[in-house]
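Each ligand, and each atom within it, is numbered from 1 in the order the structure gives.
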Amino acid sequence: MKKYLLPLAFMFSGALGHAAQPNVIVILSDDVGYGDVSCQGATRISTPNIDKLAAEGLRFTDAHSTASTCTPSRYSLLTGSYAFRNRKAVILAGNAPLVIPPGSPTLPAMMKQAGYATGFVGKWHLGVGDGNINWNKPISPGPDEIGFDYSYYLPATPDRTPCVYIENHEVQNLTASDPLSVNYKFKIGNEPTGRDHPEMLRYPADPQHSGTIVDRISRIGWMAGGHSAWWKDEDMAEIFEAKAAAFVEQHKGQPFFLYYAPHEVHVPRAPNDRFLGTSQCGIRGDSMEELDYTVGKFMADLKRMGVLENTLIVFSSDNGPIVNDGYGDGSEKHLNGHKPAGPYRGGKYQIYEGGTRLPFIVYWPGKVAPGVSSALVSQVDLYASLADLVGMPAAAKARPDSVDLLPALLGRSQTGRTDYVEQSQPDFALREGTWKYILAKGRQPGRAAALEEGDYRTAAYRPEKPGEILYDLSNDPGEKKNVIAQHPEIAARMKAVLLARMAGSPYEGNANPVQ
Ligand code: NG6
Ligand code: CA
């Protein structure tokens with residue numbers, strides 16, 4: 001039925017036996033846009049290491065996250081399910097409970113079942129605990145309860161408390177005499193906040209980001225105590241890379257699956273000093289170059305450990321780019337003509353292509369031929385595709401949103417999905433070929449004014465008016481011209497498909513806006 005099945009089956013389980021099961025690493029960067037890498041047009045930022053992955057691997061030009069923000073996007077990647085099916089899978093506070101029910105089908109659990117050692121290092125943002133966390137005691141459930149054997153992570157986002165690392169179930173470097181507490185309703189403890197002490201900040205922050213100050217940056221939310229555990233943003237890239245490499249070192253004797261989620265280029269941007277000023281577009285570009293350096297360092301480590309030949313690596317990002325996301329770090333002023341989403345419209349928080357069309361590279365020397373693919377793929381498909389790769393096709397049945405695109409991912413086919421749903425709730429869209437149909441809720445009254453005052457929040461980025469939009473990306477990749485009047489029948493058909501896909505979800509009929 002599928003041409004590639006025979007050779008693959010032979011390659012992985014035939015003559016070579018279990019030892020030939022390839023390792024899988026997913027590197028998921030944060031808020032990195034389609035145009036942020038120099039292999040996709042960036043000229044003010046140089047990303048030689050990511051470019052090398054692209055040059056020696058397969059670069060996808062129409063690959064997407066399922067959502068234009070982090071939590072729903074990562075939820076889809078790890079569960080193989082559209083995030084709009086779970087009402088709770090929206091941008092989470094730092095003390096929000098885990099949104100993936102332990103015991104439900106997940107990518108790491110499936111890999112584990114296939115005999116893989118599973119590890120996670122980096123930004124989590126899918127909730128931890130049961131809603132009532134004591135940060136000084138073992139924290140559960142978390143990554144280890146949904147399929148990871150090992151985890152080392154920052155719980156929410158770099159701009160949210162608690163600003164500490166967790167390894168498996170424990171906050172690292174805590175001192176018993178100085179317990180850590182976290183609050184998202186009101187200030188706790190005596191720590192200075194950005195609101196009261198703007199003079200202590202390395203750069204200004206909007207009101208939302210004016211909670212507890214850590215490392216001269218004020219955060220969303222408050223925390224008190226736990227001082228010995230507080231992270232230093234400048235060291236984060238190096239720490240995550242070292243932990244990711246250590247996981248590989250420890251498990252290189254068996255098949256392993258690693259989900260490695262660097263924090264760059266999410267705010268607050270605080271690259272290590274040695275990257276300051278390296279790009280030609282300010283600190284956001286510098287963070288991008290730090291990310292690229294880190295990817296290069298990680299690749300060198302993989303090579304040194306002798307695992308490169310038998311490891312499939314995916315590099316991507318969780319959602320589209322944003323320049324000002326709450327801090328006055330100069331990124332806008334120094335943009336210098338850089339286009340973070342490349343030729344696409346919009347970015348993070350937006351239903352336009354820039355929100356979800358992202359760098360996506362599959363690298364597997366000797367197995368995936370170098371090239372470029374225009375197949376339509378979504379990160380939600382990694383679940384079924386990797387299930388196929390590791391010989392667990394039955395597992396994919398549990399997650400019908402996830403399509404087995406292994407032939408496309410390995411460059412043996414140019415056929416991607418026939419359609420996919422894009423989530424930027426309360427806006428939703430359907431892509432089908434080069435058509436894009438958007439069901440827009442419109443901006444909330446008052447948001448335009450808020451935008452002018454420097455409030456860059458979600459709603460201001462929505463299509464202005466409620467209604468339906470149809471774009472023909474084949475001649476309008478920048479989504480400028482609504483052609484719904486010319487093609488009412490295409491729009492009607494796509495609307496029916498979109499509503500059918502969303503049936504039974506909390507957003508059914510798009511009647512239940514959140515945010
Ligand atoms: C938003 C934050 C933004 C960022 C985002 C999450 C405000 C005004 N903005 O709510 O700064 O933290 O959440 O980003 O609070 S994400 O990439 O993890 O989705
Ligand atoms: Ca993100």
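- Remark: Asp233 engages Arg219 in a salt bridge, criterion side-chain N to carboxylate O under 4.0 Å.
- Both the backbone and the side chain of Asp325 come within 4.0 Å of ligand 1, counting heavy atoms alone.
- Of the charged side-chain nitrogens involved, at least one lies within less than 4.0 Å of a carboxylate oxygen, so that Lys436 and Glu422 count as a salt-bridged pair.
- With hydrogens and angles ignored, the 3.5 Å screen pairs a side-chain donor or acceptor of Ser505 with a backbone N or O of Met502.
- A salt bridge does not link Asp286 with Arg269: none of the charged nitrogens is closer than 4.0 Å to a carboxylate oxygen.
- Within the coordination shell of the Ca ion (ligand 2), defined by N, O or S atoms under 3.0 Å, Asn319 is present.
- Applying the 4.0 Å criterion to heavy atoms of Lys348 picks out, from ligand 1, the atoms 4 (C), 5 (C), 6 (C), 14 (O), 16 (S), 17 (O), 19 (O).
- For the pair Asp206 and ligand 1, the shortest N or O to N or O distance does not fall below 3.5 Å.
- Using a 4.0 Å cut-off to heavy atoms of His125, the atoms of ligand 1 that qualify are 18 (O).
- Those atoms of ligand 1 with a heavy atom of Thr69 less than 4.0 angstrom away are 19 (O).
- Residue-ligand proximity, Lys123 to ligand 1, at heavy-atom distances under 4.0 Å covers atoms 16 (S), 17 (O), 18 (O).
- The atoms of ligand 1 that sit less than 4.0 Å from any heavy atom of Asn319 are 17 (O).
- At a threshold of 4.0 Å, the pair Arg431-Glu353 counts as salt-bridged, since one of the basic side-chain nitrogens sits closer than that to a carboxylate oxygen.
- Just one of Asp329, Asn324, Asp36 meets the side chain to side chain donor-acceptor pair (under 3.5 Å) condition when paired with Arg284; it is Asp36.
- By the 4.0 Å N-to-carboxylate-O rule, Glu234 lies close enough to Arg202 to be salt-bridged with it.
- Between Arg501 and Asp419 there is a salt bridge, since at least one side-chain N of the basic residue sits less than 4.0 Å from a carboxylate O of the acidic one.
- The pair Arg357-Asp62 meets the salt-bridge criterion, with a side-chain N (NZ, NE, NH1 or NH2) lying under 4.0 Å from an Asp/Glu carboxylate O.
- Short contacts between ligand 1 and Asp30, defined as distances under 4.0 Å to a heavy atom of the residue, involve ligand atoms 17 (O).
- Interface atoms of ligand 1 facing Tyr349, defined by a heavy-atom separation under 4.0 Å, are 1 (C), 2 (C), 3 (C), 4 (C), 5 (C), 13 (O).
- Scanning Gln208, Arg160, His263, Arg74 for the heavy atom closest to atom 7 (C) of ligand 1 points to Gln208.
- Of all atoms in ligand 1, listed by their number and element, those nearer than 4.0 Å to a heavy atom of Thr157 are 18 (O).
- Nearest N/O/S atom of Asp30 with respect to the Ca ion (ligand 2) is recorded as OD1.
- Among the atoms of Cys70, some N or O lies under 3.5 angstrom from an N or O of ligand 1.
- Relative orientation of the Phe360 and Phe60 rings is perpendicular, given thresholds of 30° and 60° on the angle between their planes.
- With the Ca ion (ligand 2) as the vertex, OD1 of Asp318 and OD1 of Asp31 span 100° to the nearest 10°.
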